[in-house]
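Below is one structure, written out as structure tokens; the observations come after it.
Numbered from 1 within each chain, the chains take letters A, B, ... in sequence-line order. What you see is a predicted model, and the numbers here were worked out from it, not measured in a lab.
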Amino acid sequence: VCTFNTVIKMYGRAGKHKEAMQVLHILRSAGFEPDVVTYTSLMQMFSNGENFKAAIGQFSEMQRVGCKPNVKTYSLAVNIYARAGLPSEAGRILRQMQEAGFVPNAVTWTSLVKAYSKQGMVEDACSCFAEMQRCGCTPDVQTYSLAVDIYRRAGRPSDAEQTLRRMQEAGFTPDAVTWSFLVMAYSKQGMAEKAGSCFEEMQKSGCKPEGPLLNAVMTAYVQAALPTHAATLFRRMQCKGVVPNRACFNTLIYAFSKNGQFEDAKALRLQMIEAGFKPN
RNA sequence: CUAAGGACCCAUCG
């Protein structure tokens, strides 16, 4: 079964749903029964393909045939409902999991926090984050990052920052993703100076500024009508060896165009191509 | 090392 599961996983990663399902049939005709890993792999495959109905279909099917989901399976089911924008269903799965005698872990809770925050349900997301801790589950970097994201979505940058500070007090080091949520929280409110100081603090703390984060800071400057700051930062970071990604180029080309700097925009487009990115 | 959670762009859909 392990062998078949591996093959299913590989087809799943390649997005080859039909082939994966064919392997499932071969598995059965070879006299084996799919196990919890088989079903979880299939759920993951459909979830990655954004076919949430099929993903949950596998979850139901396994239970129908008496294959018991485990913590990973339940966590994935919560995440599927989170991504599908169905937070109450996600919460239902977590309760169902507890009733079945399983203890939700950081992965499970993080998915549920995301389910609520994605739908803009700030209060529910926050109480979920609190309940997780009441249940004795310690949030990790990813959970804290999503907690910061709750306030970013809600347009509350100071609460976002407070969450990041609490995370540090709890002994965790914010990573590039955590910082990017905070930067975007400030960016959304036009608070470009705040975004810039986050960027500096982040670098001092030893976190490497990767493309997405650089883009978040540049976007903050552009939003605040400071395209020149964005351009300066872009060049300075390039000299420092930070590799800009496609998003950085797009942001800066947009900034130049909006500012009437068409020659700069055109030059950057060429530079973008040289860097191996195709303009769309 | 058979399966689960977080950011930007791209893609997709509206």
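- Taking the six-membered ring wherever Trp is involved, the centroid distance between the rings of A/Tyr81 and A/Phe52 does not fall below 6.0 Å.
- Distances shorter than 4.0 Å separate none of the side-chain N or O atoms of A/Lys114 from OP1 or OP2 on B/G5.
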For this session: Could you give me the CA-CA distance, side-chain angles and deciding distance for A/Val7 and A/Met10, then say whether side-chain contact (heavy atoms from CB on, under 4.5 Å) is met?
Result: CA-CA 5 Å; A/Val7 177; A/Met10 290 169 76; 5.7 Å; no
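- For A/Leu164 and B/G6, the CG to P distance is 19 Å, given to the nearest whole Å.
- Donor-acceptor pairing under 3.5 Å is lacking for the side chains of A/Asp140 and A/Gln142.
- Aromatic pair A/Phe262/A/Phe256: centroids not less than 6.0 angstrom apart.
- The base of B/A3 has none of its N or O atoms less than 3.5 Å from a complementary donor or acceptor on the side chain of A/Ser41.
- Between A/Tyr39 atom OH and B/A4 atom P there is a gap of 18 Å when expressed in whole angstrom units.
- Looking at heavy-atom distances under 4.0 Å, A/Asn70 makes contact with a base.
- OP1 or OP2 of B/G5 sits under 4.0 Å from a side-chain N or O of A/Gln44.
- Of the candidates B/A7, B/A3, B/G5, B/A7 carries the atom nearest the A/Phe181 side chain, counting heavy atoms from C-beta on.
- A continuous path of ILVMFWY side-chain contacts below 4.5 Å connects A/Leu233 to A/Leu182, so both sit in one hydrophobic cluster.
- In the set B/G6, B/A7, B/U2, the nucleotide with an atom closest to the side chain of A/Asp175 is B/G6.
- Residue contacts for A/Thr108: at a heavy-atom cut-off of 4.0 Å it reaches no nucleic acid atom on any strand shown.
- The base of B/G5 sits with one of its N or O atoms less than 3.5 Å from a complementary donor or acceptor on the side chain of A/Thr143.
- For the residue pair A/Asn215/A/Asn250, the side-chain donor-acceptor check at 3.5 Å is not satisfied.
- Ring centers of A/Phe102 and A/Tyr74: under 6.0 Å apart, within the cut-off.
- Rounded to whole Å, the distance from CD1 on A/Ile150 to P on B/A7 is 13 Å.
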Exercise. Once each nucleotide of nucleotides 8-14 of chain B is scored for protein heavy atoms under 4.0 Å, what B/S/- sequence comes out, 5' to 3'?
Worked result: BBSS---
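- A donor-acceptor contact under 3.5 angstrom links the side-chain atoms of A/Asn105 to the base of B/A4.
- Atom CZ of A/Arg83 and atom P of B/A4 are 13 Å apart (whole Å).
- B/G5 and B/C1 are spaced 13 Å apart, taking the P atom of each and rounding to whole Å.
- Rounding to whole angstrom units, CE of residue A/Met62 and C1' of B/A3 are separated by 10 Å.
- Centroid-to-centroid, the aromatic rings of A/Tyr151 and A/Phe181 stay 6.0 Å apart or farther.
- Contact annotation for A/Thr6: backbone-only contact, meaning every heavy-atom pair under 4.0 Å involves sugar-phosphate atoms and none involves a base.
- Spacing between atom CE of A/Met202 and atom P of B/A7 amounts to 18 Å, rounded to whole angstrom units.
- Within the 4.0 angstrom heavy-atom criterion, base atoms lie near A/Ala106.
- The side chain of A/Lys72 approaches B/A4 more closely than any other nucleotide in the set B/A7, B/U2, B/A4.
- Across the protein-nucleic acid pair, A/Arg13 atom CZ and B/U2 atom C1' stand 10 Å apart, rounded to whole Å.
- At whole-Å resolution of the value, CH2 in A/Trp109 and C1' in B/G5 are 14 Å apart.
- For A/Ser111 and B/G5, a side-chain-to-base donor-acceptor distance below 3.5 Å is absent, hydrogens and geometry of angles not being considered.
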